[in-house]
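Worksheet for the structure shown next.
Within every chain, numbering begins at 1; the chains are lettered A, B, ... in the order of the sequence lines, protein sequences first and strands thereafter.
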Amino acid sequence: MKLSKTYNPKKVEDKIYRVWEKSGFFNPDKLPTAKKKKIKKFVVAIAPPNITGSLHMGHALENTLVDILVRKKRMKGEKVLWLPGTDHAGIATQNVVEKELKQQNKTRFDLGREKFIKKIWQWKEKYGNIILDQLKKLGCSCDWSRTRFTMDRNYVKAVEQAFLHYYKKGWIYQGKRPINWCSRCQTSLSDLELEYEEKKGKLWYIKYKLKAQSAKRKADYLVVATTRPETMLGDTAVAVNPKDKRYKNLIGQKIILPIVNREIPIVVDKLVDPKFGTGAVKVTPAHDLKDYEISINHKLPLVQVIDEKGKISKAAPLSFRGLKTLKAREEIIKKLKKLNLLEKEKNHNLAIPKCYRCNTIVEIIPSKQWFLKMEKLAEKAKNAVKEKKVKIYPKNFEKIYFDWLKNIKDWCISRQIWWGHQIPIWYCENSEQKIKNTTSKMGFAGDVVPQVFDNKTQTYRLRNHGLKVGEKVAFENSITGEIFGTAIITEIQKTTVGKIDLKDKKHWKTYKKLEELITAFKRHHPEKEVNTDTLVWIYTYRFESECLPIVDDKYALKKCPSCNKGKLRQETDVLDTWFSSALWPFVILGWPKKTRGLKEFYPNHFISSDRSIVNLWIARMIFSGLEFMKTAPFKTAYIHATILTKTGQRMSKSLGTGIDPLELIEKYGSDATRFGLTWQTTGVQDIRFEENNIVMGKKFCNKIWNATRFVLQQTANSKLKAQSSKLQFKVQNLTKADKKILKSLEETIKSVEKDLENFRFGQAAQNLYHFFWHDFCDIYIEKSKSQKEKENTKKILLYVLLTSLKLLHPFMPFITEEIYQRLPLKRKKRFLMVETWPKL
RNA sequence: GGACGAUUAGCUCAGUGGAAGAGCGCGUCGCUUACAUCGACGAGGUCGCAGGUUCAAAUCCUGCAUCGUCCACCA
């Protein structure tokens, strides 16, 4: 068959991909060398793209580079497995489907959880595999027969197993803490899921009046500086640094919180930076992590003034309730000015945390969440890299990795969304109902009842609350959420605690929320003084279910195994997406079952990812692998470059700066796109994307095509047939040009090998390009036209072409395969994909 | 505030102690047994700035400037 004058990728690529798929060689078990006993393996797990995703430049680069390595290893005769799949991507996917619903003027709440999840599954079936098809377009040689999804049936079971494992170890606990909260997504977010936006803001200097005037001090107030005045509504102290001489004699004194008129203490804490602002800091434990720490050190109460919707809560004075935080800020400033309590304001730059999925400002609010203890896991992860069991390439990312692990906090693994792995904890409904009945009798919603702690006697007192002797209660610290004890009630005391008279039951019924207790008391007893000496610490106690939560395979039981009556209800929170992604390298091989795949292909050898998920994903895979498999999940984690626009901007759909790799493939062909991208991968820095490089790739394809046409013309009517990959030519008759091209080829083989071993993809591509275009085409082919030893020259032409095709195949698989199929080779034809990699 | 990286031709980038390189772009000539998506030849850079080490510095050291990334802070 004659070759057309120019190379047309459209006629070739899809056809070739189908043939490859049919060959079965993407599956390591079907490789020609599969049955050899001692065979090197090369296993890579894909970084599973989100089901919402469509292929972007990052994916294209990442998977091209992996495919280069994978194809090269396959040609070297190794047993190669590239495991593909997709990630359910909790919030991202939920958002996409919610947006779709919004067009019909519906929210997920209109549908309800079950129907909404069903809808997402439908969406997933329809669109979820698009990105995998796009990877095929790119030429990725994954074993599609092993495709997995992070929420397929067995994956769900695996995640439950992992959770159970941690739970049994006592590493999973529930706690109430200030966490990052997205008021739009209505869920908690981890620190890594925040994006900061630099913004010009203000620092306000606010006067807090001292309760007692001091003779030594001229002013009767203290000035605190804050960037977030609205949180002052939840202040429960003012803190200063112990070394700060300015405030030395104020320590222990009381101060009056403006607007709210709450009396709060002045405490000392070394967490306070004396250089910032005035050195005196307002402490809002509910809405600031550092303040929260201070509150723990000083047993300060926690007043939540911002609710889940990002609005000012009922714990705040009436006039601010229901306002959004920014609006509340304005109002507070206005009011402070009116009261003449605003000393000054200064410009101050700040970084505002935003939800990385929806860009809403993230608030810190206290919330009950599930946590995974990180101490031991972080230790394991650290050691694995320190001991070089895992290499992170390039090495400077190891620093980022260690930095994160060094200061790690426990991992908040619960999310309040619907799409994801529902936390495998089951409660007995019977027991829950019992609690509800009791508490509602007492006038409280839920299972939490205010409890007053007497600071003087350091005891918790049970009041006349309708409980009966013999019933079991659990005590929960409302600040930490920590359950500090359970008790069976043995005695009911009718008593007054502190100065609050709680005997009057009609007051009790109004206390729907814990935070209202003090305010309510003040409202009813304005004449009485609420004194922090007698009453400060307000705790709650909670009824503990008679039946323990179940975290086990036994959940399949229909009835609660404890009481043998109640139905079981599953925890509604779902797990952080990364909890399941962390298990990826071994779950896709069959864990927790002891499968052959797991035995044969774990640990993996290589994984590649974007630099932004080194900690989010890579680090967590490492400790998960060590925890569940006792071995690190891979030997090398390669962090690839980030592709920017030519002007150095981030590529982003919303900014309109993204370039769609599929359009490039359409325009220039897959090989050209791959080659152009690889060409630019000369380092690990950012790549400013230059489309001209893809054009160059296209031209290069054409060059290869035409060089082939020439060689085929020369060899067409000749009896020459290749005997093997090493063609027989007469060594003694070599001309100068022959020798030169053969030597140059040899050097190219060496350098490509070496560059790829060191992940120098761009250099390898450039060397190949230079060799083929200039050494082979410009010089040798031209020279060959006038060489006398015709037969030998033809053999050398064919030999160099064939060898070049092999070297080029990992970079440009389609065109090289297509050409290989047309070469006049005598041997039984296979595929270039499984041809032998050139040896020296 | 801390750490790391970058700064080389018009553009995108290689080059880490021994005569400044590639691709694209640009100029001149050329359809010569594959390729005009091509070939031949060529122009274009005091290698961010200032010091220092060295026989020799784009390369090593110090300082500065600009840009970028990450971490912490952001009361």
- With heavy atoms under 4.0 Å as the rule, sort A/Asp291 into base, sugar-phosphate or nothing. nothing
- Here the distance between atom C1' of B/A34 and atom CD1 of A/Ile779, to the nearest Å, is 17 Å
- Message: Are A/Tyr769 and A/Trp679 an aromatic pair, judged by ring center distance below 6.0 Å?
- Response: yes
- Side-chain contact, heavy-atom cut-off 4.5 Å: A/Thr642 with A/Ile687? no
- When all nucleic acid strands are considered with a 4.0 Å heavy-atom cut-off, which category describes A/Thr226: base, sugar-phosphate, or nothing? sugar-phosphate
- Query: Between B/A19 and B/A57, how far is it from one P atom to the other, in whole Å?
  - Reply: 12 Å
What pairs of donor and acceptor atoms, side-chain ones from residues 772-779 of chain A against any protein atom, are under 3.5 angstrom apart with sequence neighbours left out?
{"from": "A/His774", "atom 1": "ND1", "to": "A/Asp778", "atom 2": "OD2", "distance (Å)": "2.9"}
{"from": "A/Asp775", "atom 1": "OD2", "to": "A/Ser744", "atom 2": "OG", "distance (Å)": "2.8"}

- Would you find a donor on one side and an acceptor on the other, under 3.5 Å apart, between the side chain of A/Trp705 and the backbone of A/Ser4? yes
- Euclidean distance for P, B/C64 against B/G2 (whole angstrom): 11 Å
- Query: Atom CZ of A/Phe772 and atom P of B/U37: how far apart are they, to the nearest Å?
  - Reply: 18 Å
- Message: The criterion is ring pair (Phe, Tyr, Trp, His ring centres under 6.0 Å); which residues satisfy it with A/Tyr780, sequence neighbours excluded?
- Response: none
- Message: At a heavy-atom distance below 4.0 Å, what parts of residues 701-709 of chain A sit against RNA chain B?
- Response: A/Asn702, A/Lys703, A/Asn706, A/Ala707, A/Arg709
- Query: So which heavy atom on A/Pro229 is nearest to which on A/Ile333, and how close?
  - Reply: CG-CD1, 3.7 Å
- Is there a donor-acceptor contact under 3.5 Å from the side chain of A/Thr284 to the main chain of A/Met232? no
- Message: Suppose the criterion is ring-ring contact (aromatic ring centres under 6.0 Å, His included): which pairs have a residue in residues 227-246 of chain A, not counting sequence neighbours?
- Response: none
- Message: Could you work out, with side-chain contact (heavy atoms from CB on, under 4.5 Å) as the rule, every residue matching A/Asn241, not counting sequence neighbours?
- Response: A/Lys243, A/Asp244, A/Val272, A/Pro274
- Task: Measure the distance from CD1 on A/Ile694 to C1' on B/C24 and round it to the nearest whole Å.
- Result: 12 Å
- Task: Let me know, please, whether A/Asp403 or A/Lys399 comes out on the 5' side of the other along RNA chain B by nearest nucleotide.
- Result: A/Lys399
- Query: Atom CD of A/Gln713 and atom C1' of B/C35: how far apart are they, to the nearest Å?
  - Reply: 11 Å
- Return the value, rounded to whole Å, for the distance between atom CG of A/Asp778 and atom C1' of B/U32. 14 Å
- Checking all strands, does A/Leu203 fall into the base, sugar-phosphate, or nothing category for heavy-atom contacts under 4.0 angstrom? nothing
- Message: Nearest whole Å is fine: how far is B/C11 P from A/Phe689 CZ?
- Response: 18 Å
- Query: To the nearest Å, how far apart are A/Phe397 CZ and B/A3 C1'?
  - Reply: 13 Å
- Among pairs that include at least one residue of residues 665-687 of chain A, which meet salt bridge (charged side-chain N to carboxylate O under 4.0 Å, His left out), considering only residues two or more places apart or in two chains? A/Lys10-A/Glu666, A/Asp67-A/Arg674, A/Arg611-A/Asp686, A/Lys667-A/Glu691
- Query: Who passes ring pair (Phe, Tyr, Trp, His ring centres under 6.0 Å) against A/Phe771, sequence neighbours left out?
  - Reply: none
- Using side-chain contact (heavy atoms from CB on, under 4.5 Å) as the criterion, list what pairs up with A/Thr735, not counting sequence neighbours. A/Ala737, A/Asp738, A/Gln787
- Are the aromatic ring centres of A/Tyr221 and A/Tyr208 under 6.0 angstrom apart? no
- Message: If you assign A/Arg611 and A/Ile781 each to the RNA chain B nucleotide with the nearest heavy atom, which residue ends up on the more 5' nucleotide?
- Response: A/Ile781
- Task: Would you please name every residue forming a side-chain contact (heavy atoms from CB on, under 4.5 Å) with A/Thr682, sequence neighbours left out?
- Result: A/Gln763, A/Gln766
Under 3.5 Å, N/O pairs linking protein and nucleotides 15-23 of chain B:
{"from": "B/G23", "atom 1": "OP1", "to": "A/His774", "atom 2": "NE2", "distance (Å)": "3.4"}

- Query: Does the B/A34 base have a donor-acceptor partner in the side chain of A/Glu782 within less than 3.5 Å?
  - Reply: yes
- Message: Tell me whether A/His287 contacts the main-chain N or O of A/Ile364 through its side chain, where contact means a donor paired with an acceptor under 3.5 Å.
- Response: yes
- Task: Could you tell me whether A/Lys785 contacts a base, only the sugar-phosphate backbone, or nothing, with contacts defined as non-hydrogen atoms closer than 4.0 Å?
- Result: base
Atom pairs under 3.5 Å, N or O on each side, protein against nucleotides 7-10 of chain B: can you list them with distances?
none

- Note on the structure: Writing each nucleotide of RNA chain B 5' to 3' as (, ), [, ], | or . by Watson-Crick or G-U pairing under 3.5 Å yields ((((((((.[[[[.)..(..]]]].(((((.......))))).....[[[[[..)....]]]]])))))))....
- Query: Looking at B/U37, B/C35, B/C4, which one has an atom nearest to any side-chain atom of A/Lys699?
  - Reply: B/U37
- Message: So A/Asn396, base contact, sugar-phosphate only, or nothing? Heavy-atom distance under 4.0 Å.
- Response: sugar-phosphate
- Selected nucleotide, minimal atom distance to A/Arg688 side chain, candidates B/C13, B/U69, B/A3: B/C13
- Whole angstrom is fine here: how far is it from CD1 in A/Ile613 over to C1' in B/C70? 15 Å
